[in-house]
Structures are given as structure tokens and as C-alpha cells.
Chemist: 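Here it is, the structure, as C-alpha cells.
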Protein chains: 2
Amino acid sequence: MAAVSKVNTAEQGASPAELRALDSRDEILKAAIELFANRGFHETSMAEVARAANVSKALIFWHFKTKEDLFMAVLSRLLEPYAIDFAEEAGALDEVAQLTRLIELYLMFVRDNAGSIRFFVAQLLRGELASDALTGPVMQLYEGYRALLVDLIGRAQARDLCLKDFPAAAVARMLLSMLNGILIGMLFAEDESADVASAIAMIRQWLFGAHAGAATDGPAAS
Amino acid sequence: MAAVSKVNTAEQGASPAELRALDSRDEILKAAIELFANRGFHETSMAEVARAANVSKALIFWHFKTKEDLFMAVLSRLLEPYAIDFAEEAGALDEVAQLTRLIELYLMFVRDNAGSIRFFVAQLLRGELASDALTGPVMQLYEGYRALLVDLIGRAQARDLCLKDFPAAAVARMLLSMLNGILIGMLFAEDESADVASAIAMIRQWLFGAHAGAATDGPAAS
DNA sequence: TAACTTATTGACCGGATGGTTAGGCCCGTG
DNA sequence: CACGGGCCTAACCATCCGGTCAATAAGTTA
């Protein structure tokens with residue numbers, strides 16, 4: 001519990017004092033992340049953060065000018081894994097495989113980041129603080145993903161690979177709704193739900209009908 | 001803003017003093033609902049509630065023993081419209097019509113109660129307070145709805161009225177995911193989204209395929 | 001070692017918050 | 001009319017919170 005894990009993510013050329021400073025700053029950030037995420041902003045006091053980080057309260061104010069500053073630092077730290085480039089291995093695969101891969105990516109991402117996602121959604125819903133610093137990156141990510149879906153679905157429709165009863169934008173919106181629904185299911189029931197595979201199967205059935213190609217890989221990897 | 005609306009929901013045989021008491025209690029509750037829902041528990045001070053209700057702070061503590069008491073009262077008041085009996089006009093309609101009606105009911109309910117739903121979801125996500133008093137009723141409602149869906153879908157499958165590629169429970173779960181996804185879409189984009197109709201159309205297409213009967217009514221009523 | 005910068009702390013401050021109390025007002029009842 | 005109880009309030013209290021500050025330890029440099 002009181003383990004003093006030297007984090008040592010610092011730059012290489014740095015004096016030991018600076019190293020220690022970075023270390024303490026990191027310890028504060030870790031404690032703040034834990035507390036802010038589990039209790040929220042207003043319910044977490046700086047004294048608690050200080051105690052959890054084994055630091056004096058004043059030191060926190062030396063590293064971060066104000067409580068909101070600390071919160072922003074926590075936010076951006078939590079947002080780091082959200083910098084994903086969904087449009088990666090685009091080239092070789094056909095539209096169906098790419099769509100399947102995108103869906104898997106979404107669900108895997110949700111599974112791996114359930115904690116911070118829960119925090120962010122709560123934060124977004126109640127626009128209490130820093131909703132701007134959140135809506136920006138989140139919306140950007142979301143819109144990028146959506147645009148990719150629309151494009152892929154449109155091309156798949158053109159090649160008669162997926163359902164064409166509705167415009168691509170509508171299909172993409174519906175697909176996103178499904179994914180978001182599964183997301184909140186995963187947020188509320190943290191049992192390692194293996195039915196994600198079944199959900200993927202049903203989505204593919206809906207999207208591609210009989211076109212159930214072998215696609216990429218198994219949907220869930222540890 | 002400072003309108004003194006006599007609510008008068010009291011019992012008939014009551015002294016004017018008691019009437020006034022009930023009235024003030026109601027005024028406090030209304031103000032508390034407004035504040036708690038828009039700012040949350042910890043961000044709302046009793047002084048604010050008092051000011052918003054045109055009452056002295058002490059009076060609040062006379063009506064409600066503690067701040068948490070007031071919050072619980074707000075919770076149960078907000079939960080009142082959630083006491084729905086989905087299994088209402090069951091008899092005459094066939095399974096497809098009933099399912100369509102259930103879907104419409106869900107979405108209309110979400111549209112009409114977006115405010116409190118947003119509040120509840122945030123409250124549930126961050127289990128900060130009274131999560132027990134919430135999870136109980138909410139889960140009960142949710143499970144009832146789900147059971148109804150499973151039953152209806154099972155019977156529809158038996159009569160070959162909807163897609164049979166997956167067990168009824170899985171289809172119901174997927175349908176719920178879709179609805180929840182649409183829900184959070186409505187929670188985040190408060191523009192009176194008319195695309196709910198399109199979503200319903202896509203769901204029906206998915207569930208019933210070509211079986212697109214005339215169903216009940218227009219999906220959205222003022 | 002002396003001067004100087006950087007980290008870190010305990011003690012402190014003004015303000016706000018949840019909660020209390022002593023006392024007034026109002027009204028039905030003897 | 002007095003009086004007693006339900007309704008309501010101004011003033012008060014203890015506590016906690018975000019934030020500041022003077023002092024000090026820990027290098028670093030000259």
C-alpha cells in the first residue's frame with residue numbers, strides 16, 4: 001500500500017533533484033487519478049490527494065497551481081490512451097474485413113479502458129467541469145471514427161457487400177448506437193462479459209447478411 | 001421565478017398550518033430537484049436550496065433531518081414517473097405490433113425524461129451516493145422490460161415473424177443495446193432529434209425483415 | 001564554504017458548508 | 001384570553017476546504 005515505486009519515466013539528462021521532483025509529481029498525479037476517477041472532482045479534497053500520495057498538501061500546490069490545474073493534468077493523462085489512429089492497416093483488406101476490424105477495435109478499446117470511460121461519460125453527462133477540455137478530444141475521436149464508418153459502409157454498399165436499405169450515414173449512426181449500447185452494458189456489468197463475441201456476430205449478421213467472410217482474427221485477445 | 005404557486009396536493013382534512021407546511025416542503029423539494037439534478041449532490045449547498053425555495057435554511061433541516069435525507073426524497077420523487085407497467089395493452093395486438101409498441105414506449109420515455117435519466121445515469125456510473133436506492137428500482141424496471149422483450153421475441157420467433165438466427169435472449173439483449181445506444185445519443189445531443197423515427201425503422205427492418213406491418217401509430221407524439 | 005536555486009513542509013487564513021439553537025409567529029383549543 | 005404545539009427564522013457553531021507563506025532541507029555552482 002505504501003510502496004514507494006520509483007517510476008523513473010523522466011528525461012535522461014536530469015539532476016537528482018529534478019528527478020525526485022518529477023517522481024513526486026508523478027506520485028501526486030497517480031493518487032489524484034485514483035481519487036478523482038472514483039469520487040469525482042468536488043468530492044475529492046486536496047488533503048486526501050496529499051495523504052494518498054504521501055506528500056504535503058503544499059507540495060501539490062507547488063507542482064500544480066490550483067486544484068483545477070491538477071484536475072486538467074489528470075484529464076489529459078487519462079486521455080492519453082485515447083489517441084488512436086483507427087485508420088491504420090487500411091490497405092489490403094476489403095471493406096467487410098475493415099468494418100469488422102473497426103468494430104472489434106471499438107469494443108476492445110472499451111474493454112481495456114472501461115475505468116476511464118466510465119469516468120469520462122459521467123463527467124460529460126454532468127457538465128460540471130472541464131467539459132470543454134473533454135468534449136474536444138472525445139468528439140474529435142468519435143467523429144473520426146464515425147466518418148471512417150460512413151466511408152467504409154458507403155463503399156461496401158456500392159460493392160453490394162452490406163445492407164443497402166438505408167443511406168450509409170444512417171447505417172453508420174445505427175451501428176454506433178449499437179456499439180454505444182454495448183458499451184454502457186459493459187460499463188454497468190463489469191463481469192468479463194464473453195458475450196461480446198455474440199454481439200459481434202449479431203452485428204455482422206445485420207450488416208453483411210450472408211456475406212460472413214472469415215475476417216481477421218479472433219475478436220478478443222488478452 | 002419567484003412565483004408562489006400553491007401546489008395544494010395535500011390531504012383534504014388538514015389544518016391551514018399543515019397545508020402551509022406541506023406547501024413549503026413541496027417548494028423545497030422542487031428547488032432541490034432542480035439544483036441536485038443540474039449540479040449534483042456535493043456541488044449543491046443547502047443555502048442555495050434555501051434561497052431557491054425562498055425559505056430559511058433551518059426550515060429545510062426541519063422538514064428533512066439531513067442533507068442526505070433531502071437527497072433521498074429528491075431521488076424517490078424523480079423516480080416516480082419510472083413506475084411504468086409496460087405490459088399494458090397486451091391482448092389484441094400480434095407480437096410484431098407489441099414489440100414495435102414496446103420500442104416506441106422506450107424511446108418516448110427516454111425523450112420525455114431525458115433530464116432525470118441523464119442525472120440517474122451519471123449517478124449510477126459514479127456510485128457516489130444512494131446507488132442502492134437507485135439500482136433497486138432501475139434494475140427492476142430494466143429487468144421487467146427485458147423479460148417482456150425476451151418473451152415477445154421468443155413467441156415471434158416461434159411464429160416465424162422475426163429473425164431466428166439467434167436465441168431470443170440474445171436478440172433481446174442486442175435490441176436493448178441498440179435502444180441504450182440511441183438513448184445515450186439522445187442524452188448527449190439534446191437537439192430534438194427527429195431521426196428517432198429513422199432508428200425505429202431500421203430496428204424494425206432488422207427485427208422483422210420484410211414483415212413490416214402497419215403497426216400502431218406514428219412514433220412521435222408531442 | 002558561501003551564495004543561490006530548487007523541493008518540500010508545517011502552520012496558518014478567509015470563507016463556505018452542514019448542522020444547531022433559541023426564540024418568535026400563527027392558529028386551534030381550553 | 002392564555003397557552004401549547006406546529007411552523008419558521010436569524011444568528012450561531014464547529015469543521016473542513018482551497019490556497020498562501022515563511023522557513024528549511026537538498027543539491028548545484030563558484
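Chain naming here is simple, since letters A, B, ... match the order of the sequence lines and numbering starts at 1 in each.
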Chemist: Between B/E43 (CD) and D/dC17 (P), how many Å, whole number?
Modeler: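 Rounded to the whole Å, the gap is 15 Å.
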
Chemist: Which nucleotide wins on minimum distance to the side chain of A/H63, given the candidates D/dA10, C/dG18, C/dT8?
Modeler: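 Taking heavy atoms from C-beta onward, the closest nucleotide is C/dT8.
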
Chemist: Distance check needed: D/dG18 P versus A/R51 CZ, whole Å only.
Modeler: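 So the CZ-P distance, A/R51 to D/dG18, works out to 12 Å.
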
Chemist: Send over the distance from A/E27 CD to C/dT8 C1', rounded to a whole Å.
Modeler: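 Rounded to the whole Å, the gap is 15 Å.
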
Chemist: Measuring to OP1 and OP2 of D/dC17, would you say a side-chain N or O of A/S45 lies under 4.0 angstrom away?
Modeler: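 Checking A/S45 against D/dC17: at least one side-chain N or O falls below 4.0 Å of OP1 or OP2.
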
Chemist: From D/dG19, C/dG18, C/dT8, pick the nucleotide closest to the side chain of A/S24?
Modeler: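 So the side chain of A/S24 is nearest to C/dT8.
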
Chemist: Please give, in whole Å, the distance from C/dT8 P to A/F64 CZ?
Modeler: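 After rounding, the reported distance stands at 12 Å.
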
Chemist: Taking only side-chain N and O atoms of B/H42, does any of them lie within less than 4.0 angstrom of OP1 or OP2 on C/dT17?
Modeler: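 No, outside the criterion.
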
Chemist: State yes or no: are the ring centers of B/Y82 and B/F109 separated by less than 6.0 Å?
Modeler: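 For B/Y82 and B/F109, the ring centres are under 6.0 Å apart.
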
Chemist: Which nucleotide sits closest to the side chain of B/S56: C/dT8, C/dT20, D/dC8?
Modeler: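 Nearest to the side-chain atoms of B/S56, counting from C-beta on, is D/dC8.
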
Chemist: Passes salt bridge (Lys or Arg N to Asp or Glu O under 4.0 Å), B/R51 versus B/E48? Steps please.
Modeler: CA-CA 5 Å; B/R51 201 178 323 123; B/E48 282 175 309; 5.5 Å; no

Chemist: Rounding to a whole Å, what distance do you find between B/D26:CG and D/dC7:P?
Modeler: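 After rounding, the gap between these two atoms is 15 Å.
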
Chemist: Just how far, in rounded Å, is P of D/dA10 from CZ of B/F61?
Modeler: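 About 15 Å, once rounded to whole Å.
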
Chemist: Taking atom P of D/dC17 as reference, at what distance in whole Å does atom CD1 of A/I60 sit?
Modeler: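 Spelled out: CD1 on A/I60 to P on D/dC17 is 12 Å.
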
Chemist: Return the nearest nucleotide to the side chain of B/M46; candidates are D/dA10, D/dG18, C/dG18.
Modeler: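 Looking only at heavy atoms from C-beta outward on B/M46, the closest nucleotide is C/dG18.
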
Chemist: Aromatic rings B/Y145 and B/Y106: how do their planes relate, parallel, tilted or perpendicular, breaks at 30° and 60°?
Modeler: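 Ring orientation of B/Y145 relative to B/Y106: tilted.
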
Chemist: Quick one: are A/M202 and B/V171 in side-chain contact, heavy atoms under 4.5 Å?
Modeler: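 The answer is yes, as the side chains (C-beta and beyond) meet within the 4.5 Å cut-off.
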
Chemist: Nearest to the side chain of A/L59, heavy atoms from C-beta on, is which of D/dG18, C/dT20, C/dA7?
Modeler: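 Closest of the options to the side chain of A/L59: C/dA7.
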
Chemist: Consider the side chain of A/W62, meaning its heavy atoms from C-beta on, and name the nucleotide among C/dT8, D/dG6, C/dG18 that approaches it most closely.
Modeler: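 In terms of side-chain proximity for A/W62, the closest of C/dT8, D/dG6, C/dG18 is C/dT8.
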
Chemist: By the definition side chain to side chain contact (heavy atoms under 4.5 Å, CB included), identify the one residue from B/L102, B/L183, B/D112, B/V196 that meets it with B/L107.
Modeler: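 The option that passes is B/V196.
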
Chemist: Atom CD1 of B/I28 to atom P of D/dC7: distance rounded to whole Å?
Modeler: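 Checked: the CD1 to P distance equals 12 Å.
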
Chemist: Using heavy-atom distances to pick each residue's nearest nucleotide on DNA chain D, tell me which of A/A58 and A/E48 is more 5'.
Modeler: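 The residue mapped nearer the 5' terminus is A/E48.
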
Chemist: Ignoring hydrogens and angles, does a donor from either the side chain of A/K57 or the base of C/dG10 sit under 3.5 Å from an acceptor on the other?
Modeler: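 Per atom types, no contact qualifies.
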
